[in-house]
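Encoded as structure tokens, the structure appears first; notes follow it.
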Amino acid sequence: MKKNKNLISSLRWIISVSRRFSRVDRKGRSAVTSTLATLGICFGVMTLIVVMSVMNGFQMSFIDSILEVSSYHARVQNLEEEKIPVFLEYCKNNKDISYVTDFYEAQTLMTGYRGRESAAIIRAINPDVYDEDPGFRKELKLVSGYFDLSDENSIVLGSGLARSLGAYIGSSVNLLVLSGGSDVDLFSGERNFKVTGVVSSGYQEINSSFCFVNIKAAKSYFGKSAKRIWGIKLKDSNDDLHAVSILSKLLPQAKVSSWRDYNKTFFGALRIEKNMLLLLVAIIFVVVAINIYNGMRKLVFERKSEIAIFSALGASDREIKSIFIAKGALSGIIGAFFGVILGLLISINTDFVFTMASKIMYGLQYLVTAIFNHENLSYVSENSTYTLYASIPARIFFKEVFLISIFGILSPLFASWAASKNVLKLTVAEVLHNE
């Protein structure tokens with residue numbers, strides 16, 4: 001009990017002296033250094049949170065479209081007919097699985113208006129998928145028409161594919177070339193489909209190459225050797241490896257794969273891009289830590305008389321060093337706290353921030369042009385890049401926010417610890433002699 005009281009009193013003394021060092025300085029340097037360090041941490045944390053949130057929103061718009069529309073969270077292929085009831089029963093009783101559907105897929109060369117051609121991936125799905133799968137419906141927005149596959153010869157095109165073919169609602173397209181088994185005609189002018197809808201997603205590859213038909217069309221045109229694929233949606237896409245492991249044991253003859261197996265190159269490029277951006281922005285904290293280290297060393301030297309007196313009065317080296325470490329920790333905590341608040345506020349309102357930035361830059365450009373180059377005033381316009389940035393929905397991951405704030409606290413803490421190792425050990429006699 002006595003040790004706890006001594007520890008508490010020691011902490012109170014350390015914090016009290018540290019705060020006094022931060023506020024009182026005969027030359028005014030300590031207060032300025034502490035304020036600049038806190039602002040550096042604040043703006044560093046804020047910048048990193050905003051950049052990562054915008055980057056997350058930019059990347060997740062691609063990833064979500066791929067997972068919800070193209071690859072699913074997990075796939076099961078080569079499933080034997082007698083195992084299908086077992087598989088469906090397991091999926092129905094598993095709380096981690098949100099949706100299961102079957103589909104067929106083939107590659108085709110389509111022809112449209114006036115013989116326009118375009119390669120495409122044609123997917124045969126159940127006609128009720130758009131209504132029953134909320135993730136599919138969310139990522140695949142209707143541009144025109146309806147997602148209507150009730151008729152066997154109806155088709156829904158991606159917006160880019162429809163543009164390439166010159167197709168519109170009610171027009172006809174033909175699957176001129178279709179991949180398949182030996183019982184499928186490679187070339188045919190009789191595989192005609194009526195366009196009932198045009199859709200668009202956040203991933204241009206899907207828009208320019210995907211089209212959807214009724215699953216009955218697969219049985220008519222894809223051939224008997226067409227592979228039936230089961231797509232599985234999980235409540236948490238990061239649980240895919242666990243789900244794949246269980247399904248592989250349940251269905252040993254089937255091929256079970258995760259979304260990580262698809263588009264490996266693309267997902268890897270996004271991960272590298274994000275990591276490099278994180279590394280570059282994190283250099284802010286390195287610069288701030290170096291400044292704190294240099295400022296703290298000056299503070300140690302300026303406070304040599306107080307340090308010597310504290311030592312003479314019985315303060316241990318550890319306690320004296322803790323004064324400067326507490327000062328750095330306080331700067332980090334305050335800076336990280338306000339940095340997180342500002343970062344979250346800006347991330348939540350990125351559309352407003354970029355819109356205002358666009359208007360401010362336009363106003364400044366207009367003003368400068370009006371003063372120095374009035375004849376070119378008619379060419380001044382708002383930068384459309386800001387509009388693009390404003391349209392990107394920022395995605396906040398609180399795990400990343402937590403790690404950024406921790407890093408913002410640890411960088412000044414480490415710098416203060418390194419600087420405190422240079423605490424001057426002077427006797428009272430030496431201090432009085434210097435004074």
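Residue indices begin at 1 and follow the sequence shown. Computed from a predicted structure; not experimentally measured.
Without hydrogens or angle criteria, Ser171 side chain to Ala167 main chain gives no donor-acceptor distance under 3.5 Å. Panel note: side chain Trp259, backbone Ser237; a donor-acceptor pair is recorded below 3.5 Å. A distance-only check finds a donor-acceptor pair linking the side chain of Asn174 to the backbone of Arg191 [under 3.5 Å]. Listed for the Thr47 side chain is no donor-acceptor partner under 3.5 Å among the backbone atoms of Gly44. Checking side-chain atoms of Ser358 against main-chain N and O of Phe354 turns up no donor-acceptor pair under 3.5 Å. In this structure a side-chain-to-backbone donor-acceptor pair under 3.5 Å is missing from Ser200 to Ser159. Of the possible polar contacts, one joining the Arg123 side chain to the Ser70 backbone as a donor-acceptor pair under 3.5 Å is found. Remark: the backbone N or O of Glu68 is not paired with any side-chain donor or acceptor of Glu139 at under 3.5 angstrom. Judged by distance alone, with hydrogens and angles left aside, the side-chain atoms of Asp133 form no donor-acceptor pair with the main-chain N or O of Val129 at under 3.5 Å. A side-chain donor-acceptor contact under 3.5 Å links Thr196 to the backbone of Asp148.
The aromatic rings of Phe147 and Phe212 are tilted relative to each other, their planes meeting at an angle between 30° and 60°.
Salt-bridge formation is not detected for the pair Lys255/Asp261: no Lys NZ or Arg NE/NH1/NH2 atom is positioned less than 4.0 Å from an Asp or Glu carboxylate oxygen. Between Asp151 and Lys194 there is no salt bridge, since no side-chain N of the basic residue sits under 4.0 Å from a carboxylate O of the acidic one.
Among all heavy-atom pairs drawn from Ile206 and Ser201, the shortest one is CB-OG, 3.6 Å. Of all non-hydrogen atoms in Gly231 and Phe103, the two that sit nearest each other are N-CE2, 3.9 Å. The shortest non-hydrogen separation linking Ser188 to Glu190 is OG-N, 3.2 Å. The minimum heavy-atom distance between Ala120 and Leu161, with the atom names listed, is CB-CD2, 3.8 Å. The minimum heavy-atom distance linking Gly332 with Ile41 is given by the pair O-CG2, 3.8 Å. Between Tyr262 and Ser258 the shortest heavy-atom distance is CD1-O, 3.3 Å.
A distance of 11.5 Å separates CG of Leu149 from NZ of Lys216, quoted to the nearest 0.5 Å. Considering OG1 of Thr355 and CD1 of Ile360, their distance stands at 11.0 Å, rounded to 0.5 Å. The CG atom of Asp64 sits 13.5 Å away from atom OH of Tyr203, with the distance rounded to the nearest 0.5 Å. Separating the OG1 atom in Thr38 from the CZ atom in Phe337 is a distance of 13.5 Å, to the nearest 0.5 Å. Rounding to the nearest 0.5 Å places CG of Asp240 at 8.5 Å from NE2 of His73. Rounded to the nearest 0.5 Å, atoms CD1 (Ile246) and CG (Leu241) are 11.5 Å apart.
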Trace of the side chain to side chain contact (heavy atoms under 4.5 Å, CB included) decision for Ile232 with Leu247
CA-CA 11 Å; Ile232 302 172; Leu247 287 170; 3.5 Å; yes
request  = Dump the intermediate steps for side chain to side chain contact (heavy atoms under 4.5 Å, CB included) on Asp102 and Asn126, then the final yes or no.
outcome  = CA-CA 7 Å; Asp102 57 333; Asn126 291 300; 2.7 Å; yes
Exercise. Between Arg228 and Leu79, is a side chain to side chain contact (heavy atoms under 4.5 Å, CB included) present by the stated rule, with each step listed?
Worked result: CA-CA 8 Å; Arg228 189 181 186 184; Leu79 184 59; over 6 Å; no
Any chance you could lay out the side chain to side chain contact (heavy atoms under 4.5 Å, CB included) test for Val198 and Ile169, step after step, and finish with the verdict? CA-CA 8 Å; Val198 177; Ile169 304 301; 4.2 Å; yes
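In this structure, Glu273 and Met55 have side chains that are in contact, with non-hydrogen atoms separated by less than 4.5 Å. Side-chain atoms of Ser245 and His242, non-hydrogen and from C-beta on, never get closer than 4.5 Å to each other. Tyr130 places none of its side-chain heavy atoms less than 4.5 Å from the side chain of Val156. For the pair Glu205/Ser209, a side-chain contact is recorded, criterion being any heavy-atom separation below 4.5 Å from C-beta on. Side-chain atoms of Lys83 and Gln253, non-hydrogen and from C-beta on, never get closer than 4.5 Å to each other. Side-chain contact check for Leu234 versus Ile97: some heavy-atom pair is nearer than 4.5 Å. The side-chain heavy atoms of Leu250 and Phe87, taken from C-beta on, include no pair separated by under 4.5 Å. Put simply, the side chain of Ile215 does not reach to within 4.5 Å of the side chain of Ile125, judged on heavy atoms.
Shown here is Tyr90, whose OH atom has more than 12 heavy atoms of other residues, nucleotides or ligands within 6.0 Å. Counting heavy-atom neighbours within 6.0 Å of Phe352 CZ, excluding the residue itself, gives a total of 12 or less.
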Counting only pairs under 3.5 Å, give me each side-chain donor-acceptor contact of residues 398-414, with atom names and distances, residues two or more places apart or in other chains.
unit_1	atom_1	unit_2	atom_2	d
Glu400	OE1	Asn56	ND2	2.9
Glu400	OE2	Lys274	NZ	2.5
Ser405	OG	Val401	O	3.2
Ser405	OG	Phe402	O	2.6
Ser411	OG	Phe407	O	3.3
Ser411	OG	Gly408	O	3.4

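In this structure Tyr366 satisfies the side-chain contact (heavy atoms from CB on, under 4.5 Å) test together with Tyr362, Leu377, Val380, sequence neighbours excluded.
Applying the side-chain hydrogen bond (donor to acceptor under 3.5 Å, both in side chains) test to pairs two or more places apart or on separate chains, none has a residue in residues 108-120.
Of the N and O atoms on the side chains of Thr101 and Tyr72, not one donor lies less than 3.5 Å from an acceptor on the other residue.
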